[in-house]
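A quick write-up on the structure given underneath.
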Amino acid sequence: MSVDADLLLDWFADTARDLPWRRPECTAWGVLVSEIMLQQTPVARVEPIWHEWLARWPLPSDMARASQGEVLRAWGKLGYPRRALRLHAAAGAIAEHHGDVVPADVDTLLALPGIGAYTARAVAAFAYGRRCPVVDTNVRRVVARAVHGAGDAGPPSTTRDLADVEAILPAEQSVAARYSAALMELGALVCTARSPRCADCPVFADCAWQRAGRPAYAGPAKAVQRFAGTDRQVRGLLLDVLRDTSEPVFKAKLDIVWPDGGQRERCLHSLLVDGLVEQTGDGRFALPGEH
DNA sequence: GAACCGTGGAT
DNA sequence: TATCCAAGGTT
């Protein structure tokens, strides 16, 4: 059982969104920036920031010359700001060690900060046309349904997930990358998590899940992450204060964003440890590298 | 493998 | 209103 390449690619040619990082003129650096930004953040929120970043920092070396604080400020509220710091570090490594050219080799990409199993292969495939399995949450869900006949993907296992997709990836290098992009697009637009639009699906007739009568997901319950009241929320509030000021702030300014002093201290400390916040000589706090 | 790391729109 | 979920990575 697999996902028919002709049906999928025809559908993709007709239906795919016109996203800027998919255009032929987009550089590998543009692809890398998009992949980092898209980690756990929806396309609609990424797109405007991506345009700003590529206009401001068209090359890795351009970004490497910016301060961490500038990059964090430009990241805005995309979330998980450690991604911005890691991308900045990756830009520095690419400028220093790779001639200002984003590597095309999966293992070389994996060695860069913030680039894991998904992003390394996404860059190799989408920026350089390499034939390698690209497995994100959309692909996992499409494969679980269309190939395995399950209601949803089970817990992730990089080794198994990569093997699953390798098994259905077209052999020709020239079509493999488009096939991966099409699988992702199918998961994003049609084979969605909540209400799949099976009536619009190009591979409906071959879908193992549909043929099995669309049984409900039978695997272990997925852990839902809380947000309200967590350190994640408090760190976000603290960082928001620093993003909004050009000058370092006194601690009193940070104390007002959250009532629980113990949690506040813990979060501020972890932000310092993570390098997302810096303390100035006079004891004030700021984004890193700007003072 | 599990916990942790932001944010906001959709349902 | 509460929950779900979005092109993951690191520890």
Would you indicate whether the side-chain heavy atoms of [Y] and [X] approach each other to under 4.5 Å?
X: A:Gln225; Y: A:Arg232; value: yes
X: A:Val101; Y: A:Ile94; value: no
X: A:Met63; Y: A:Trp53; value: yes

(message) Please list, in numerical order, the residues of residues 178-194 of chain A that have a heavy atom closer than 4.0 Å to any atom of DNA chain C.
(response) A:Met184, A:Ala188, A:Ala193, A:Arg194
(message) So if I take residues 25-37 of chain A and measure heavy-atom distances to DNA chain C, which residues fall below 4.0 Å?
(response) A:Glu35
(request) Walk me through it: do A:Asp231 and A:Arg266 pass the test salt bridge (Lys or Arg N to Asp or Glu O under 4.0 Å)? (result) CA-CA 8 Å; A:Asp231 286 4; A:Arg266 180 173 73 241; 2.8 Å; yes
(message) So, using salt bridge (charged side-chain N to carboxylate O under 4.0 Å, His left out) as the criterion, who are the partners of A:Asp282 when residues are at least two apart?
(response) A:Arg284
(request) Give a yes or no answer on whether the side chain of A:Thr192 reaches the backbone of A:Leu189 with a donor-acceptor pair at less than 3.5 Å. (result) no
(message) Given 3.5 Å as the limit, does a donor-acceptor pair link the side chain of A:Trp50 with the main chain of A:Gly30, or not?
(response)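 Yes: the side chain of A:Trp50 pairs with the backbone of A:Gly30.
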(request) Mind checking the OH-CZ spacing from A:Tyr80 to A:Arg235? Nearest 0.5 Å is all I need. (result) 11.0 Å
(message) Can you list, in residue-number order, the parts of residues 72-93 of chain A that come under 4.0 Å of DNA chain B, counting heavy atoms only?
(response) A:Lys77, A:Leu78, A:Gly79, A:Tyr80, A:Pro81, A:Arg82
(request) Give me the residues of residues 221-244 of chain A where at least one heavy atom lies under 4.0 Å from an atom of DNA chain B, by number, or none. (result)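 A:Gln225, A:Phe227, A:Asp231, A:Arg232, A:Arg235, A:Gly236, A:Arg243 - these, ordered by number, are the residues of the stretch whose heavy atoms sit under 4.0 Å from the strand.
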(request) In plain terms, say whether A:Lys251 and A:Glu265 are close enough for a salt bridge, that is, a side-chain N and a carboxylate O under 4.0 Å apart. (result) yes
(request) Using a strict 4.0 Å threshold on nitrogen-to-oxygen distance, state whether A:Glu290 and A:Arg73 make a salt bridge. (result)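 Result for this pair is yes, salt bridge flagged.
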Look at all strands and tell whether [X] reaches a base, only sugar-phosphate, or nothing, counting heavy atoms closer than 4.0 Å.
X: A:Ala117; value: sugar-phosphate
X: A:Thr119; value: sugar-phosphate
X: A:Arg140; value: nothing

(request) Tell me whether the guanidinium CZ or amine NZ of A:Lys222 lies under 6.0 angstrom from the six-membered ring centre of A:Tyr217 and within 45° of its axis. (result) yes
(request) Measure from NZ or CZ of A:Arg214 to the centre of the six-membered ring of A:Trp209 and say whether it is under 6.0 Å with the direction within 45° of the ring axis. (result)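 Satisfied, under 6.0 Å and within 45°.
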(message) Between B:dG9 and C:dG9, how far apart are the two P atoms, rounded to whole Å?
(response)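 Here B:dG9 and C:dG9 have their P atoms 25 Å from each other.
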(request) Write down the distance separating the C1' atoms in B:dA2 and C:dA7, rounded off to the nearest Å. (result) 22 Å
(message) Quick check for you: name the first and last nucleotides of DNA chain C, 5' to 3', having an atom under 4.0 Å from a heavy atom of chain A.
(response)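 Using the under 4.0 Å cut-off, the span is C:dC4 to C:dT10.
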(message) Would you say NE2 of A:His269 has more than 12 non-hydrogen atoms from neighbouring residues, nucleotides or ligands within 6.0 angstrom?
(response)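 12 or below, so no.
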(request) Check step by step if side chain to side chain donor-acceptor pair (under 3.5 Å) holds for A:Arg83 and A:Thr41. (result) CA-CA 11 Å; A:Arg83 288 182 293 164; A:Thr41 302; 2.9 Å; yes
(message) Would you say A:Gln39 and A:Thr119 are linked by a side-chain donor-acceptor pair, where the criterion is simply a distance under 3.5 Å?
(response)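 A pair is found: one side chain offers a donor N or O, the other an acceptor, under 3.5 Å apart.
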(message) Show the nearest heavy-atom pair for residues A:Ala176 and A:Pro170, with the distance to one decimal.
(response) CB-O, 3.9 Å
(message) Without decimals, in angstroms, what is the distance between A:Gln263 CD and B:dC4 C1'?
(response)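 These atoms are roughly 14 Å apart.
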